[in-house]
Structures are given as C-alpha cells and as structure tokens.
Engineer: 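Input: one structure, supplied below.
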Amino acid sequence: MLRILVLHGPNLNLLGTRELGIYGSVPLDAIDADIVKLADELSVEVDVRQSNHEGELVTWIQEARSGYQGVIINPAAYTHTSVAIRDALAAVNLPTIEVHLSNIHQREDFRRQSYVAGVTLGQISGLGSAGYLLALRGLHGHLTARRPKKEPSSKMATSPRRARRR
Ligand code: DQA
C-alpha cells in the first residue's frame with residue numbers, strides 16, 4: 001500500500017479561529033478527517049502531522065525516506081523562510097506537493113517566494129482545504145501512473161508510426 005506523509009506547518013493548528021477571512025472557518029481536525037477519508041477511498045495510507053517547529057518538520061521529512069512514497073506539505077510561514085525544509089525535501093527526493101490554503105501569489109510580496117517550490121512536483125495555492133484533497137489525488141495519480149518503458153532504438157525505427165511517416 002502507498003504511504004504518504006502529510007505535514008502542516010506552524011499556526012495551522014489554529015485554523016478555524018485564525019484570520020477567518022483568509023483561511024476560512026474549517027478547523028484542522030476537519031481537514032485531516034477529509035484527507036483520511038479520501039485516502040481510504042484511494043487505498044492509500046496517510047500519516048498526517050502538524051508542528052510549530054521547523055526542526056521537527058525537518059526530522060519528519062528525513063524519516064519519510066523509509067516507508068513513504070510521497071509527501072504533501074503546507075510549510076505555512078516556513079514556506080517563505082526555510083532553507084532547512086527545502087534541503088530536507090531535496091535530500092529525501094520523494095515526490096512532494098506543496099499546498100497553501102490562501103493564494104500566496106495574491107498576498108504580501110514576501111509570501112510570493114516559496115523556498116520549497118523548486119524541489120516539489122507542484123504547488124496548489126488558493127483553493128482552501130480542497131487543495132489538500134487535490135494534492136492527494138494528484139500525488140496518488142503520479143505514483144500509480146504506468147510509465148511507458150523506453151523501447152530499444154531498433155524497435156522504434158520499425159514502429160508503424162515511423163513507417164507511415166516515410
Ligand atoms: C499558508 C500561507 C503562508 O503564507 C502563511 O504563513 C500560512 C499559511 C496558507 O496555507 O495559505 O501560515 O501556507
């Protein structure tokens with residue numbers, strides 16, 4: 001079974017009470033319940049954690065090297081500051097999707113820069129809590145996609161498509 005680590009960064013434990021106009025009224029435990037429900041439907045095992053500490057997030061990312069096939073992370077404020085989280089994601093080299101509830105590109109200038117974006121598969125920003133579910137579907141699709149095997153060059157030369165083109 002696929003195992004995916006879902007990480008929420010600092011202050012996301014306050015969702016539901018925090019800046020409601022920006023982050024909405026859905027509390028973190030409700031978001032987590034929806035993630036677990038979708039994971040069950042997809043037959044994926046998810047491990048969902050939140051921390052207000054950069055080092056703890058780094059340690060969890062490092063630990064994902066054994067036993068996990070992908071990561072979904074909302075690094076929250078560390079998105080815009082943390083070389084350590086970026087380096088940890090680069091080191092473990094697991095397919096990772098970055099999620100933000102708000103659209104970080106429409107807010108203050110300092111939020112436009114993501115230190116982690118350069119080492120992730122993709123970013124979902126501005127779709128509220130649905131972003132986590134889209135990330136889970138996307139990562140599941142990525143991890144289960146059948147990738148075409150490279151054909152030996154001699155076979156390619158005689159493939160019907162090539163023949164028709166001549
Ligand atoms: C956030 C956006 C960050 O800029 C902010 O620091 C957060 C939450 C989001 O989900 O929209 O705490 O990551």
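As the structure lists them, so they are numbered: ligands from 1, and atoms in each ligand from 1. Just so we're clear, the structure is a prediction, and the values are computed from it rather than from any experiment.
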Engineer: Tell me whether Y23 reaches ligand 1 (any heavy atom closer than 4.0 angstrom to a ligand atom).
Structural biologist: yes

Engineer: For atom 4 (O) of ligand 1, what is the nearest protein heavy atom, given as residue, atom name and distance?
Structural biologist: H80 NE2, 2.6 Å

Engineer: Roughly how far, to the nearest 0.5 Å, is CG of L5 from CZ of R65?
Structural biologist: 13.0 Å

Engineer: Hey, is R18 touching ligand 1 through its side chain, its backbone, both or neither, going by heavy atoms under 4.0 Å?
Structural biologist: side chain

Engineer: Could you tell me whether L12 and ligand 1 have an N or O pair separated by under 3.5 Å?
Structural biologist: no

Engineer: Measure the CD1-OG1 distance between I4 and T96 for me, rounded to the nearest 0.5 Å.
Structural biologist: 10.0 Å

Engineer: Look only at the side chain of S125 and the backbone of I104, and say whether a donor-acceptor pair between them is shorter than 3.5 Å.
Structural biologist: yes

Engineer: Quick one: does H8 get a heavy atom under 4.0 Å from ligand 1?
Structural biologist: no

Engineer: Between H100 and ligand 1, find which residue part has any heavy-atom pair under 4.0 Å and reply side chain, backbone, both or neither.
Structural biologist: both

Engineer: Using a 3.5 Å cut-off on N or O atoms only, is N74 in polar contact with ligand 1?
Structural biologist: yes

Engineer: Do E98 and T79 have side-chain atoms, one donor and one acceptor, less than 3.5 Å apart?
Structural biologist: no

Engineer: List every atom of ligand 1 that sits less than 4.0 Å from any heavy atom of S102, numbering the atoms from 1 in the order shown and giving each element.
Structural biologist: 2 (C), 9 (C), 11 (O)

Engineer: Are R18 and Y23 in a cation-pi setup, meaning NZ or CZ lies under 6.0 angstrom from the ring centre and within 45 degrees of the ring axis?
Structural biologist: yes

Engineer: Aromatic rings H80 and H100: how do their planes relate, parallel, tilted or perpendicular, breaks at 30° and 60°?
Structural biologist: parallel

Engineer: Would you say the side-chain atoms of H105 and Q123 include a donor-acceptor pair closer than 3.5 Å?
Structural biologist: yes

Engineer: Write out the residue and atom name of the closest protein heavy atom to atom 9 (C) of ligand 1, then the distance separating them to 0.1 Å.
Structural biologist: L101 N, 3.4 Å

Engineer: For ligand 1, is there an N or O atom under 3.5 Å from any N or O atom of I104?
Structural biologist: no

Engineer: Have a look at R107, E98, R111 and point out the one with the heavy atom closest to atom 5 (C) of ligand 1.
Structural biologist: R111

Engineer: Is a salt bridge present between D109 and R112, judged by a nitrogen-to-oxygen distance below 4.0 Å?
Structural biologist: yes

